[in-house]
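Keep in mind that this is a model prediction, so the values were computed, not measured. Within every chain, numbering begins at 1; the chains are lettered A, B, ... in the order of the sequence lines, protein sequences first and strands thereafter. Heavy atoms only: backbone and side chains are in, while hydrogens, waters and symmetry mates are out.
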There are 2 protein chains.
Amino acid sequence: MRRTTIRDIAAAVGASPATVSKVLTGRGDSLISDTMRQRIRESARELGYSPNLAARALVTGRTYCIALWSETLADYHAAVANALLDVLRPSRYEMVITDVVKHPDWYAYFQRNAPWPVDGIIALDSPQSVEAYLATSAGRNTPVVSIGAYYWEHTDHIGVDLGAGVRQAAHHLAEQGCRRIAHLTCDHGMRPGEPRRLAYEEAMVDLGLEPRLLVTGQSSREDARLTVRDLVGSGQLPDALLCFNDETAIGAYRGLRDLGVRIPDDVALIGCDGIQDTAYFDQPITTIVQPVNELCRSAWQCLQTRLDEPDAPRQSRMLKADLMIRESSLRIGRPVEAAANPITKAARTGEEPRPDHALPQEA
Amino acid sequence: MRRTTIRDIAAAVGASPATVSKVLTGRGDSLISDTMRQRIRESARELGYSPNLAARALVTGRTYCIALWSETLADYHAAVANALLDVLRPSRYEMVITDVVKHPDWYAYFQRNAPWPVDGIIALDSPQSVEAYLATSAGRNTPVVSIGAYYWEHTDHIGVDLGAGVRQAAHHLAEQGCRRIAHLTCDHGMRPGEPRRLAYEEAMVDLGLEPRLLVTGQSSREDARLTVRDLVGSGQLPDALLCFNDETAIGAYRGLRDLGVRIPDDVALIGCDGIQDTAYFDQPITTIVQPVNELCRSAWQCLQTRLDEPDAPRQSRMLKADLMIRESSLRIGRPVEAAANPITKAARTGEEPRPDHALPQEA
DNA sequence: CTGAAAGCGCTAACAA
DNA sequence: TTGTTAGCGCTTTCAG
């Protein structure tokens with residue numbers, strides 16, 4: 001059976017499609033007589049009408065749909081997607097997730113298939129895709145906000161400065177008495193200009209310590225776990241691991257525990273991103289917390305402004321990622337910081353924790 | 001500047017829009033002269049053309065876009081979304097995530113705003129939305145596959161039987177010597193007909209044990225943690241907690257550890273869903289693993305079949321969720337099962353684990 | 001091999 | 001208060 005259209009409704013009530021449209025969209029609603037409005041509404045309900053949004057989008061040029069571009073939907077990226085969904089909930093916008101690695105040749109992709117038409121794009125950690133996109137005519141018409149630790153600066157963007165967090169982390173480890181602080185990174189982390197690695201190297205110079213890079217293939221838990229197991233076997237164990245992200249840190253945690261290495265006594269451990277999981281380990285893992293909610297709120301606000309005023313000047317904002325100190329890096333105790341984290345506090349003192357969320361990311 | 005259309009290209013090369021369309025879509029490509037094809041392609045590239053998919057969808061009736069309906073994008077649901085993205089990657093389909101709780105009044109919603117037009121829908125754990133949707137005329141035309149532990153059976157569906165896993169879990173706990181096995185559930189888990197609770201109660205009858213329901217508000221980690229802390233304080237500690245899901249189990253893990261309760265010695269712990277995190281704790285958490293990849297593969301296959309043959313008979317399939325035994329429920333040792341899990345094995349024996357993923361969900 | 005014409009379902013001017 | 005008309009950008013016959 002064919003899908004119901006406004007013509008069907010118009011025919012059923014003896015009106016014109018235009019009148020039906022006016023009633024159903026609410027635009028010009030008030031100019032229509034009560035009886036007509038009533039009859040159209042009833043008929044729509046009876047026929048199970050729902051509008052064809054492709055047609056509507058074609059004429060209005062608006063889809064009320066925005067895209068989240070991301071390379072994956074795992075872990076931190078999933079948390080961002082979820083937070084963005086929360087931000088969008090009060091609005092009438094839907095979210096389409098476009099898998100940006102899917103399309104290595106962006107030019108060919110945009111020419112043929114183009115991603116689903118949206119009013120705007122929020123591109124998470126995918127500056128190259130943004131760059132390619134902006135070169136197309138779609139890119140000149142559909143605004144994009146580039147967000148995250150990796151962003152394209154020649155368009156609206158909300159960046160996150162992980163470097164500051166990494167430097168904080170390195171100094172914190174030094175204060176805890178660590179001297180052989182290694183950076184456990186991955187192929188991705190070895191790319192030129194990678195902010196985490198650069199910040200680590202810089203901090204090590206500041207501290208007068210010898211940098212050491214340990215590289216695992218993927219930034220996956222299993223890869224990190226196996227890399228760390230090898231490391232333990234080789235006897236070349238550092239006294240602290242500053243990890244590329246939480247996945248790597250969690251894998252390292254497990255790899256160390258597999259072989260009985262104590263955390264933080266033998267090796268102090270720090271992750272990055274601030275995913276929820278890190279808070280629940282026997283030794284909760286210190287991590288550099290990305291301000292996920294603030295990132296999504298800002299991104300959406302920025303995009304809305306852009307939709308309202310396409311010609312407004314470029315907007316940009318930098319957010320800070322702060323160190324959240326927990327057990328996994330506390331060797332000599334820091335009661336002040338520890339007390340700020342309900343989980344840490346509870347585990348250490350047995351006192352009643354504050355009943356709020358384990359990862360208070362923002363004030 | 002206006003977005004480039006096929007008319008612009010047609011004008012630029014002195015051809016008609018129809019010819020441009022043929023070349024750019026590849027349909028009728030072969031009937032066009034080489035030179036013309038060449039010039040059109042070049043012009044498209046120069047003008048940064050990308051097609052307006054709303055217009056294309058309007059005429060072809062196809063969007064090459066499917067929706068994932070889910071109430072959230074956290075934890076297990078995020079894992080499903082990610083797995084579905086993987087399944088879709090080789091295809092030319094995009095995925096829209098529609099937040100189904102957003103729209104409590106489905107009828108009003110569909111009448112006015114309707115979700116983004118898609119060729120098909122995969123609805124995860126959202127049977128009520130599916131039911132409401134099928135009553136609309138969109139629902140009669142856009143196929144939906146209902147998947148997960150909660151599904152709507154009067155349409156194509158891929159179900160997951162958690163009951164079997166819960167029964168396995170209860171019996172496993174009894175074999176481990178547990179006698180006071182409580183079910184830690186949440187408001188959601190108390191709804192009538194909830195399969196996990198029913199399977200638990202059934203298993204307890206089989207085992208001749210007294211059932212005990214502990215109810216935490218949300219199925220969140222923090223709620224579970226606080227509930228368990230209260231429980232420890234009250235002195236009414238069971239010797240096993242069979243949890244509603246992994247979130248609850250992880251919160252319980254932390255709540256028990258906060259107060260020095262040993263796992264599994266004092267309290268054995270079992271989660272449900274099989275999210276990756278459970279494998280990385282000091283005492284890896286036994287869990288009932290949902291076959292996420294198989295679920296997504298089946299769902300997509302089912303939907304493709306339906307798109308090809310709209311009038312094919314209803315398809316359905318049930319998948320099993322199996323118990324993955326790990327440390328958190330092993331009190332008397334079960335070397336055979338333990339050896340099957342690389343992480344468990346490694347932690348117990350110090351041997352080299354298989355280098356595969358920590359959570360082999362399917363064969 | 002190429003173009004003209006029609007129309008997908010809807011909205012927005014403008015007429016009546 | 002309602003209807004008529006035109007057209008969004010594209011694809012698809014069908015005619016040349």
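- Contact check of residues 5-13 of chain A against DNA chain C (heavy atom, cut-off under 4.0 Å) returns A/Thr5, A/Ile6.
- Of all nucleotides in DNA chain C having an atom under 4.0 Å from a heavy atom of chain B, the first and last in 5' to 3' order are C/dC1 to C/dG9.
- Between its two ends, the helix from C/dC1-D/dG16 to C/dA16-D/dT1 turns its axis by 40°, counting five pairs per end and rounding to 10 degrees.
- The pair B/Arg306-B/Asp156 counts as a salt bridge, with a side-chain nitrogen and a carboxylate oxygen less than 4.0 angstrom apart.
- Rounded to the nearest 0.5 Å, atoms CG (B/Leu85) and OG1 (A/Thr72) are 7.5 Å apart.
- For DNA chain D, the outermost nucleotides in 5' to 3' order that have an atom under 4.0 Å from a heavy atom of chain B are D/dG9 to D/dT12.
- A donor-acceptor distance shorter than 3.5 angstrom exists from the side chain of A/Ser33 to the backbone of A/Met36, with no hydrogens or angles considered.
- Using a 4.0 Å heavy-atom criterion, one finds that B/Ala57 contacts no nucleic acid atom at all.
- Comparing B/Val59 and A/Arg27, the nucleotide of DNA chain C nearest to each residue sits closer to the 5' end for B/Val59.
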Going through the distances and angles, do A/Ser50 and A/Arg3 end up as a side-chain hydrogen bond (donor to acceptor under 3.5 Å, both in side chains)? CA-CA 9 Å; A/Ser50 79; A/Arg3 186 167 155 169; 3.2 Å; yes
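- DNA chain C is contacted by both B/Thr60 and B/Arg37; B/Arg37 maps to the nucleotide lying nearer its 5′ end (nearest heavy atom per residue).
- Note: A/Ser43 OG to A/Leu24 CG = 9.0 Å, rounded to the nearest 0.5 Å.
- Side-chain contact check for B/Glu94 and A/Thr98: at least one donor-acceptor pair (N or O, by modelled atom type) lies under 3.5 Å.
- In this model, a donor atom of one side chain and an acceptor atom of the other lie less than 3.5 Å apart for B/Ser70 and B/His77.
- Each of A/Ala55 and A/Thr19 lies near DNA chain D, and the nucleotide nearest A/Thr19 is the one positioned closer to the 5' end.
- Taking the six-membered ring where the residue is Trp, A/Tyr151 and A/His157 present parallel rings, their angle staying beneath 30° rather than reaching 60°.
- Of the possible polar contacts, none joining the B/Gln290 side chain to the B/Asp273 backbone as a donor-acceptor pair under 3.5 Å is found.
- Residues A/Tyr150 and A/Glu194 have side chains that bring a donor and an acceptor to within less than 3.5 angstrom of each other.
- Contacts of B/Ala54 with the nucleic acid, taken as non-hydrogen atoms under 4.0 Å apart, are absent.
- A cation-pi arrangement, defined by a distance under 6.0 Å to the six-membered ring centre and an angle within 45 degrees of its axis, is present between A/Arg62 and A/Tyr64.
- Among residue pairs with one or both ends in residues 66-78 of chain A, those qualifying as salt bridge (Lys or Arg N to Asp or Glu O under 4.0 Å) are A/Asp75-A/Arg221; sequence neighbours excluded.
- With sequence neighbours excluded, the residues forming a salt bridge (Lys or Arg N to Asp or Glu O under 4.0 Å) with A/Arg317 are A/Glu294, listed by chain and number.
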